[in-house]
Amino acid sequence: MKQHLSQLLSSAVDSLQAQGILPQDAPVQINLDRTRDRRHGDFASNLAMVLCKLAGSKPRDLAERIVAALPASQHVRKVEIAGPGFINFFLAPLAYHSTVAQVLEQGEAYGRSNIGQGKSVQVEFVSANPTGPLHVGHGRGAAYGATVADLLDAVGFKVHREYYVNDAGRQMDILAASVYLRYLDLCGEQLTFPSNGYKGDYVWDIGASLHRKHGDALRHSAAEVFDGVPADEPAGGDKELHIDALIERTKQLLGPTHYREAFDLGLNSILDNIRRDLEEFGVRYDEWFSERSLTENGSVERAIERLKTSGHTYEKDGALWFRSTDYGDEKDRVIVRDNGQTTYFASDIAYHMNKLERGYHRVIDVWGADHHGYVPRVKAALAALGDDTDRLDVLLVQFAVLYRGGQKVQMSTRSGEFVTLRELRQEVGNDAARFFYVLRKCEQHMDFDLDLAKSESSDNPIYYIQYAHARIASVLRQLQEKGLQWDPAQGARHLDRLTESHEDALLVSLSRYPEVLETAALQHEPHLMAHFLRDVANELHTYYNAHQFLVEDAALRNARLNLVMATRQIIANGLKVLGVSAPDSM
RNA sequence: GUCCCGGUAGCUCAGUCGGAUAGAGCAACGGCCUUCUAAGCCGUGGGUCGGGGGUUCGAAUCCCUCCCGGGGCGCCA
């Protein structure tokens with residue numbers, strides 16, 4: 001509908017240009033918005049105010065000329081000029097009746113579009129280190145990333161969902177050493193666990209798996225393991241030096257094969273857990289991309305060579321630096337350490353190079369807001385490689401803070417005292433978790449109220465929306481109990497019987513759905529859909545309370561059923577995009 | 001210190017590319033169950049859009065500046 005009106009305006013501008021009232025070469029962008037106030041019609045355009053200078057006339061005068069030049073449309077009831085020069089469109093009932101017909105006819109497909117024209121978009125999200133279970137912070141990235149991906153899919157992009165697995169690097173070595181130490185403990189060795197090790201219970205479980213498989217075969221005495229290892233922090237030493245030395249001892253004592261086994265056992269069991277967790281959360285991926293593969297297939301080396309060749313690197317203090325300051329970063333960054341190891345950043349350059357080489361039209365990274373300082377250097381690297389940095393969008397997701405009983409829930413990853421995504425899902429359910437996570441735009445700090453998410457009342461927006469859907473299903477059941485049938489054809493013929501203000505409000509909302517979907521997708525703002533659904537649910541409940549649907553008058557009854565069934569479809573479609581179920585009863 | 005995010009009703013937040021009288025939910029207050037689900041609905045009150053300047057037909061929105069809150073600033077990942 002918006003597109004239709006836009007064309008009318010565009011056509012009017014064309015004829016004014018032909019008449020010489022507007023200059024031929026003027027760039028004309030048609031602005032058309034939903035009005036905030038129904039008294040201003042359905043849509044309003046500020047076109048006359050924008051163009052009045054070019055035309056050399058007063059806004060209202062120009063508006064009159066534009067209105068006079070508008071082609072007739074059966075969807076437009078009247079056009080008014082108001083205020084400083086707004087052109088207000090009032091739609092004919094027919095425009096809304098055709099929306100109901102479209103919703104019922106297209107069903108799940110209603111609202112989907114081809115704005116993306118099949119262009120490929122890669123969305124990388126979550127990508128948490130496989131050193132422990134996902135926590136509630138990752139949950140927000142998961143829900144947000146999955147929904148952005150689904151939204152883009154719904155408007156016609158070809159979406160590739162990807163998880164970057166950090167299966168290399170020091171953190172994973174710390175995990176491997178932690179697993180081995182827990183294994184030794186299970187063998188009966190008395191040892192003090194490093195303060196910087198991973199202390200979660202899951203590490204015990206992995207150590208136990210290692211023990212089940214090998215018995216005491218990999219056992220070394222605690223004295224031997226800690227021989228020559230500098231003191232840990234609580235003992236007055238440095239926790240980093242302590243853990244690094246323990247990693248080295250673990251590698252020496254286990255040898256490459258068994259070390260890799262302990263390492264992979266940790267990696268795989270945690271990754272399996274993460275996969276299952278996300279799967280249960282309704283979050284699916286097309287690809288799990290291994291960081292290690294970038295080193296093994298030479299991509300990291302190749303990326304470094306390309307930077308060297310293009311003259312953006314230099315050596316200092318035995319390390320290789322990337323001169324990211326050339327591209328606006330605040331300082332240069334090390335890509336190869338003085339010990340010859342490449343940094344995480346080097347892998348990330350290779351990974352982003354790889355993404356762009358795969359030919360995606362756009363690449364979206366969903367990161368935690370704590371990585372924001374990282375954006376300039378990654379963009380700098382892509383620029384130095386000669387790539388178009390505009391193809392990369394980095395969406396930063398702020399942290400979520402849980403509240404229970406009005407109190408902040410304390411969390412700390414290293415100590416093992418954190419709320420996992422699984423715990424959250426079990427506590428409030430998948431639907432509430434998915435919904436609450438996308439209720440705020442991503443850059444907004446979020447207070448996640450656990451009590452509210454669990455509550456079975458209208459205070460809880462997800463309950464409220466799902467209940468609207470269930471309520472309509474319930475109406476259909478009542479219809480059957482009365483021995484009646486819904487006759488959509490009769491309903492369609494009598495949509496003009498829908499004259500109540502509640503009906504009008506619902507009709508407008510149904511027609512807004514495609515616009516909301518499009519905006520939410522293109523702006524990467526799922527919260528727009530969440531808020532829209534709440535509005536629709538509110539209109540449905542209000543309507544339900546004010547009017548009986550199952551009236552004697554068959555024509556009116558079926559017209560109303562067409563409307564509420566279309567409403568049910570809209571709610572179902574919107575919830576689906578958000579990864580939330582639409583139950584028929586509650 | 002610097003960079004990012006935020007500051008809108010008592011609370012949690014919307015507010016599209018600058019647009020008309022700044023909205024919603026909760027909370028508060030007052031109503032509504034002989035009704036397709038009261039798991040709900042209707043109504044009322046509530047605002048220095050953090051402060052101050054600027055840009056213009058028009059600013060919560062854009063620019064400058066200051067204040068407050070949260071976070072980031074490793075040869076960690």
Side-chain angles (χ1 to χ4, degrees), chain A residues 29 31-37 39-40 44-46 49-50 52-53 58-59 82-86 88 128-129 131 166 168-174 240 291 316-321 330-331 333-348 368-376 396 398-399 401 403 406 439-447 449 452 455-461 463-464 466-468 470-472 474-479 481-482 515-516 519 522-523 525 527-528 530-532 534-535 538 541-551 560 564 585-586:
Chain A
Q29 203 204 331
N31 281 335
L32 189 65
D33 291 302
R34 289 273 176 184
T35 56
R36 205 156 26 201
D37 187 335
R39 282 173 298 185
H40 297 137
S45 177
N46 62 358
M49 288 178 285
V50 174
C52 63
K53 275 185 187 159
K58 290 179 185 170
F86 288 104
N88 293 337
N129 282 345
T131 52
N166 298 119
R170 180 163 173 267
Q171 293 304 319
M172 290 305 297
D173 282 324
I174 294 176
E240 304 294 347
E291 177 189 354
K316 191 180 87 179
D317 304 334
L320 184 70
W321 295 70
E330 52 190 34
K331 56 173 288 196
R333 310 289 173 178
V334 171
I335 50 179
V336 183
R337 280 188 262 167
D338 59 3
N339 63 10
Q341 285 189 321
T342 56
T343 58
Y344 175 84
F345 179 43
S347 297
D348 230 19
D370 54 332
H371 284 68
H372 92 262
Y374 214 73
V375 179
L396 299 171
Q398 294 287 337
F399 293 124
V401 180
Y403 284 82
L439 197 51
R440 306 277 173 252
K441 52 185 168 186
C442 68
E443 65 263 32
Q444 188 50 268
H445 301 255
M446 181 166 64
D447 292 338
D449 185 337
L452 180 61
S455 93
E456 302 188 356
S457 75
S458 64
D459 303 357
N460 183 348
Y463 236 80
Y464 188 75
Q466 288 180 318
Y467 181 47
R471 192 164 228 181
I472 297 165
S474 165
V475 168
L476 270 199
R477 288 192 292 272
Q478 290 289 332
L479 181 73
E481 279 173 27
K482 291 187 176 187
E515 295 160 33
V516 173
T519 309
L522 298 181
Q523 313 273 345
E525 293 184 337
H527 75 279
L528 296 176
H531 285 275
F532 168 79
R534 206 197 180 287
D535 290 344
N538 176 251
H541 288 307
T542 310
Y543 179 32
Y544 176 95
N545 199 254
H547 300 284
Q548 190 87 7
F549 303 163
L550 305 182
V551 291
R560 287 183 169 171
V564 296
S585 65
M586 297 180 70

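The chains referred to below are lettered A, B, ... by the order of the sequence lines, with proteins before strands, and numbering in each begins at 1.
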Just the rounded figure in Å: distance from [atom2] of [N] to [atom1] of [X].
X: A/R333; N: B/G72; atom1: CZ; atom2: P; answer: 15 Å
X: A/E291; N: B/A77; atom1: CD; atom2: P; answer: 8 Å
X: A/L452; N: B/A27; atom1: CG; atom2: C1'; answer: 13 Å
X: A/N538; N: B/A39; atom1: CG; atom2: P; answer: 17 Å

Mark yes or no for a side-chain to base donor-acceptor pair under 3.5 Å between [X] and [N], with no hydrogen or angle criteria applied.
X: A/D370; N: B/G72; result: no
X: A/R39; N: B/U21; result: yes
X: A/H541; N: B/A38; result: no

Of the nucleotides [options], which has the atom closest to the [X] side chain?
X: A/Q548; options: B/U37, B/U35, B/A77; answer: B/U35
X: A/R170; options: B/C4, B/C76, B/U37; answer: B/C76
X: A/E525; options: B/A39, B/G15, B/C4; answer: B/G15
X: A/N545; options: B/C41, B/A77, B/C36; answer: B/C41
X: A/E443; options: B/G6, B/U16, B/A38; answer: B/G6

Does a nitrogen or oxygen in the side chain of [X] sit under 4.0 Å from OP1 or OP2 of [N]?
X: A/R534; N: B/G23; answer: no
X: A/K331; N: B/C75; answer: yes
X: A/Y464; N: B/C41; answer: yes
X: A/S474; N: B/U37; answer: yes
X: A/Q523; N: B/U16; answer: no
X: A/T542; N: B/C42; answer: yes

When the [atom1] atoms of [N] and [M] are considered, how many whole Å apart are they?
N: B/A77; M: B/G25; atom1: P; value: 50 Å
N: B/U44; M: B/A27; atom1: C1'; value: 14 Å
N: B/G43; M: B/G51; atom1: C1'; value: 37 Å
N: B/G52; M: B/C67; atom1: C1'; value: 11 Å
N: B/U37; M: B/C33; atom1: C1'; value: 11 Å
N: B/C49; M: B/G15; atom1: C1'; value: 11 Å

Given side chains that start at C-beta, do those of [X] and [Y] come closer than 4.5 Å, heavy atoms only?
X: A/R440; Y: A/Q398; result: no
X: A/R560; Y: A/H547; result: yes
X: A/L476; Y: A/I472; result: no
X: A/R170; Y: A/Y344; result: no
X: A/L550; Y: A/K482; result: yes

Test A/T343 against A/R337 for side-chain contact (heavy atoms from CB on, under 4.5 Å), laying out the working first. CA-CA 7 Å; A/T343 58; A/R337 280 188 262 167; 3.9 Å; yes
Angle class for the A/F549/A/Y544 ring planes (parallel below 30°, perpendicular above 60°, tilted otherwise)?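 Plane angle over 60°, so perpendicular.
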Is there a Watson-Crick or G-U wobble partner for [N] with both distances under 3.5 Å, and if so, which one is it?
N: B/G1; result: B/C73
N: B/C41; result: B/G31
N: B/C26; result: B/G10
N: B/U16; result: none

Any donor and acceptor pair, going by atom type alone, linking the side chain of A/D317 with main-chain N or O of A/A319 inside 3.5 Å?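 No, the answer is negative, given that no donor and acceptor are paired below the 3.5 Å cut-off.
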Check the chi torsion on B/C33 and let me know: syn if it falls within 90° of 0, anti if not.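 The base of B/C33 is oriented syn (glycosidic angle within 90° of 0).
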Between A/F86 and A/N46, does a side-chain contact (heavy atoms from CB on, under 4.5 Å) hold up when you go through it step by step? CA-CA 5 Å; A/F86 288 104; A/N46 62 358; 4.3 Å; yes
Protein-nucleotides 10-14 of chain B N/O pairs under 3.5 Å:
unit_1 : atom_1 : unit_2 : atom_2 : d
B/U12  : O2'    : A/R440 : NH2    : 2.9
B/C13  : OP1    : A/H445 : O      : 3.3
B/C13  : O5'    : A/R440 : NE     : 3.4
B/C13  : O2'    : A/R440 : NH1    : 3.0
B/A14  : OP2    : A/Q444 : NE2    : 3.0

